[in-house]
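What follows is a set of notes on a single structure, which appears directly below.
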Amino acid sequence: MANPNDPESVTRGTAVQLEKARRDKLDRLVAMGVDPWGRRFDGAAPIADIRSVGERVAKEADDGPAVRIAGRIMLLRSAGSLVFVDLHDRTGRIQLMLGKKQVGPEIWKVVECLDLGDIIGVDGRLGWSKTGEMTVFVSQLEFLTKSLETPPDKYHGLVDPELRQRMRYLDLIHGEGVRDRFVSRCRIVEAVRRVLAARGYLEVEGPTLQETAGGAAARPFTTHHNALDIPLVLRIALELHLKRLLVGGMERVFELGRVYRNEGVSTRHNPEFTMLEAYEAYGDYGTMMDLTEAIILEAAKVAGTPTRFEWMGRPVDLTPPFRRARYDDLLREVTGCDPADPASVAAAAAAAGVETAGRHPDVVKSDLFEATVEKTLDGPVFVIDYPASICPLTKRKAGRPEVAERFELYVAGMELANAYTELNDPDLQEELFRTQLAGLAAEESMARMDTDFIKALRHGMPPAGGLGIGIDRLVMLLTEASSIRDVILFPIHRPRA
RNA sequence: GAGGCUGUAGCUCAGUCGGUAGAGCAUCGGACUUUUAAUCCGUUGGUCCUGGGUUCGAGUCCCAGCAGCCUCACCA
């Protein structure tokens, strides 16, 4: 209970008290001539390496190899004039022992100023404690950085999901498997680039600020350029500029970057997310299926993902080749309707609760597919050959103008990749841009007029295959994460009240 | 956008029937030269998410709002 007679007690919350204790120690360090914010510390070995050396040190040896390490103090156990420290670096954790007699009075005064979360560098000999724990017996200590904040509960860590995301730095330190997952994300992204580079693709960077948000069906973020005094939007896809590069003779290009969609937030959606799009001249959607498999398999390898596992409670088997199934066939199997007969599709749609009134038959079909078939796809499965009218950027199948050469890759009911044989007929492209599908709001359509893009196509874009992969979702799959927030370091949040 | 759940100390959580706030960790003080979430004794620390309402009295009941999580819808 705060003492009302004590004027200081009003401002003395726990947090204030905890910080004061740390600042007192900081002042003591300064008073004894120790810089609490440290300097360059050369020659520290990764703790993981030290540990493998330690395995070869005899248990009773008191002349183990000299080692030098640096890291953060995760646990402190004081037994009088003997202090045990669990030190963390990016590679692992190891125990230190600091003895009053062993380190001498100068260093011991520094030891008395250590708190959980402080960063130190030490020299010592590697060996084993009496209770059989691999230990660095410290002889020298260099104070590197003071922590002024109390770390989370040393046993439970940071549990509150909101705090974990807002204070990701703490989550990375204390969260079980959190750092491993983000390391996996780095490895996966590296693998994606490696697979594409090996096939002769060039990585490029298109504009993120655009006049027209094209290449996908989504609401863009809007902004304004002051000097030019023009409205701009943030890109929602990479497609149209990469295709311009195909026209420009960069026959194999990809971009791996951020796109922005001004839409809902959920466990599968963040307003900014990372997309891969790759385009290969003289290929088609079949080429892209092979590429997709190659990328996913290599990514799974570097992430250490098993071939068979469960994700979102559903079985996934990454054994190649992935299953391929026609859109219409799946629709027929699941709903029993005749996909070629709009009346039959409409009846099935009505039965599934899909709105049909005043809507284009292919939109109804697409909604029916999403409402019934998608959920059933454990995958991975390439769904191929989509209704042409919902694919305004896709080449039609030879002799079958109602079918588009497009595939989407589904895993556990979630769309992971989307690819087509690219439409390169400028006249047809312009017509598709002009034709707004009945029952579709402008923002729901991919068919946004981009006259500059049409102009590029008129100069001749080679026949090509194009592929898009949602990298965040790929990472979710391969690290078995159930929320996109677990694979994005800093997901969006409402400002704190 | 709809529904459900949650919000109490720096962190993790209790809080019974409505009677003025509890634990563990952390902090501070003490004991300890072999600890492992060290242990033991003592200590400090509260805008009970915010604002209303009911009541003699609200962490608790009611209403509204804010934030988070989950499910669904849309999308990738």
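Quick note on labels: first sequence line is chain A, next is B, and so on, each numbered from 1. Predicted, not measured: the structure shown is a model, and the values here were computed from it.
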Nearest-Å distance once atom [atom1] is located in both [N] and [M]:
N: B:A21; M: B:C48; atom1: P; answer: 11 Å
N: B:G10; M: B:U44; atom1: C1'; answer: 13 Å
N: B:G22; M: B:U8; atom1: C1'; answer: 10 Å
N: B:C28; M: B:C69; atom1: C1'; answer: 36 Å
N: B:U71; M: B:G18; atom1: P; answer: 34 Å
N: B:C17; M: B:U54; atom1: P; answer: 25 Å
N: B:A26; M: B:U43; atom1: C1'; answer: 13 Å
N: B:G42; M: B:C32; atom1: C1'; answer: 16 Å

Give the nucleotide from the list [options] with an atom nearest to the side chain of [X].
X: A:Lys101; options: B:U12, B:G68, B:U33; result: B:U33
X: A:Thr267; options: B:C11, B:U71, B:U34; result: B:U71
X: A:Leu18; options: B:A26, B:A37, B:C70; result: B:A26
X: A:Leu75; options: B:U34, B:A37, B:G68; result: B:A37
X: A:Ser78; options: B:C32, B:U33, B:A37; result: B:C32
X: A:Arg77; options: B:G10, B:U35, B:A26; result: B:U35
X: A:Gln165; options: B:A26, B:C69, B:U33; result: B:C69
X: A:Gln95; options: B:U33, B:A26, B:U35; result: B:U35
X: A:Gln102; options: B:G68, B:C11, B:U33; result: B:U33

In whole angstrom, what separates [X]'s [atom1] from [N]'s [atom2]?
X: A:Lys20; N: B:U43; atom1: NZ; atom2: C1'; answer: 15 Å
X: A:Asp86; N: B:U34; atom1: CG; atom2: P; answer: 17 Å
X: A:Leu163; N: B:A67; atom1: CG; atom2: C1'; answer: 11 Å
X: A:Arg28; N: B:C28; atom1: CZ; atom2: C1'; answer: 11 Å
X: A:Trp128; N: B:U34; atom1: CH2; atom2: P; answer: 20 Å
X: A:Asp27; N: B:C28; atom1: CG; atom2: C1'; answer: 16 Å
X: A:Met414; N: B:A73; atom1: CE; atom2: P; answer: 12 Å
X: A:Glu415; N: B:C74; atom1: CD; atom2: C1'; answer: 13 Å

Report which part of the nucleic acid [X] touches: base, sugar-phosphate, or nothing (heavy-atom distance under 4.0 Å, all strands).
X: A:Glu149; value: nothing
X: A:Ala21; value: sugar-phosphate
X: A:Asp367; value: nothing
X: A:Gly468; value: nothing
X: A:Arg261; value: base
X: A:Glu374; value: nothing
X: A:Met275; value: nothing
X: A:Glu133; value: base
X: A:Gly470; value: nothing

Practice item. Kindly say whether the aromatic ring centers of A:Tyr327 and A:Phe369 come within a distance under 6.0 Å. Key: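 A:Tyr327 vs A:Phe369: aromatic centres under 6.0 Å.
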
For [N], give the paired nucleotide (Watson-Crick: N1-N3 plus N6-O4 or O6-N4; G-U: N1-O2 and O6-N3; both under 3.5 Å), or none.
N: B:A73; answer: none
N: B:A14; answer: none
N: B:U39; answer: B:A31
N: B:U20; answer: none
N: B:A64; answer: B:U50

Review point. Could you go step by step and tell me if A:Ile73 and A:Asp115 meet the side-chain contact (heavy atoms from CB on, under 4.5 Å) rule?
Key: CA-CA 7 Å; A:Ile73 298 174; A:Asp115 279 311; over 6 Å; no

Exercise for review: Given side chain to side chain donor-acceptor pair (under 3.5 Å), test A:Glu422 with A:Tyr420 step by step and report yes or no.
Suggested key: CA-CA 6 Å; A:Glu422 300 298 336; A:Tyr420 8 103; 5.6 Å; no

Counting neighbours of [atom1] on [X] that are heavy atoms of other residues, nucleotides or ligands and sit closer than 6.0 Å, is the number greater than 12?
X: A:Glu106; atom1: CD; result: no
X: A:Arg314; atom1: CZ; result: yes
X: A:Gln102; atom1: CD; result: yes

Review point. Can you name the one residue among A:Leu234, A:Val233, A:Asn262 that meets side chain to side chain contact (heavy atoms under 4.5 Å, CB included) with A:Thr222?
Key: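 When side chain to side chain contact (heavy atoms under 4.5 Å, CB included) is applied between A:Thr222 and each of A:Leu234, A:Val233, A:Asn262, only A:Val233 qualifies.
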
Between [X] and [N], is there a side-chain N or O to OP1/OP2 distance below 4.0 Å?
X: A:Gln17; N: B:U43; answer: no
X: A:Arg485; N: B:C69; answer: yes
X: A:Lys154; N: B:U12; answer: no
X: A:His493; N: B:G68; answer: yes
X: A:Ser81; N: B:U33; answer: yes

Check your understanding: Are side-chain N/O atoms of A:Arg93 and A:His88 paired as donor and acceptor at under 3.5 Å?
Key ->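 Looking only at side-chain atoms, A:His88 and A:Arg93 do form a donor-acceptor pair, the distance falling under 3.5 Å.
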
Point to revise | Ion pair A:Asp290/A:Arg324, N-O distance below 4.0 Å | key: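 Salt bridge between A:Asp290 and A:Arg324, a charged N being under 4.0 Å from a carboxylate O: yes.
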
**Study point:** Along RNA chain B (nearest heavy atom to each residue), the more 5'-positioned of A:Ser483 and A:Ala79
**Key:**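 Upstream on the strand: A:Ala79.
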
Review point. If you find the nucleotide of RNA chain B closest to A:Ile492 and the one closest to A:Phe273, which residue's nucleotide is nearer the 5' end?
Key: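 By nearest-heavy-atom nucleotide position, the 5'-most residue is A:Ile492.
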
Point to revise | Side-chain donor/acceptor contact of A:Ser129 with base of B:U35 under 3.5 Å | key: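 Donor-acceptor pair under 3.5 Å: yes.
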
Point to revise | Side-chain donor/acceptor contact of A:Asp153 with base of B:G24 under 3.5 Å | key: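 Side chain to base: pair present.
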
Check your understanding: So is A:Arg406 actually on top of A:Tyr386's ring, under 6.0 Å and inside 45° of the axis?
Key ->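 Yes, cation above the ring, under 6.0 Å and within 45°.
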
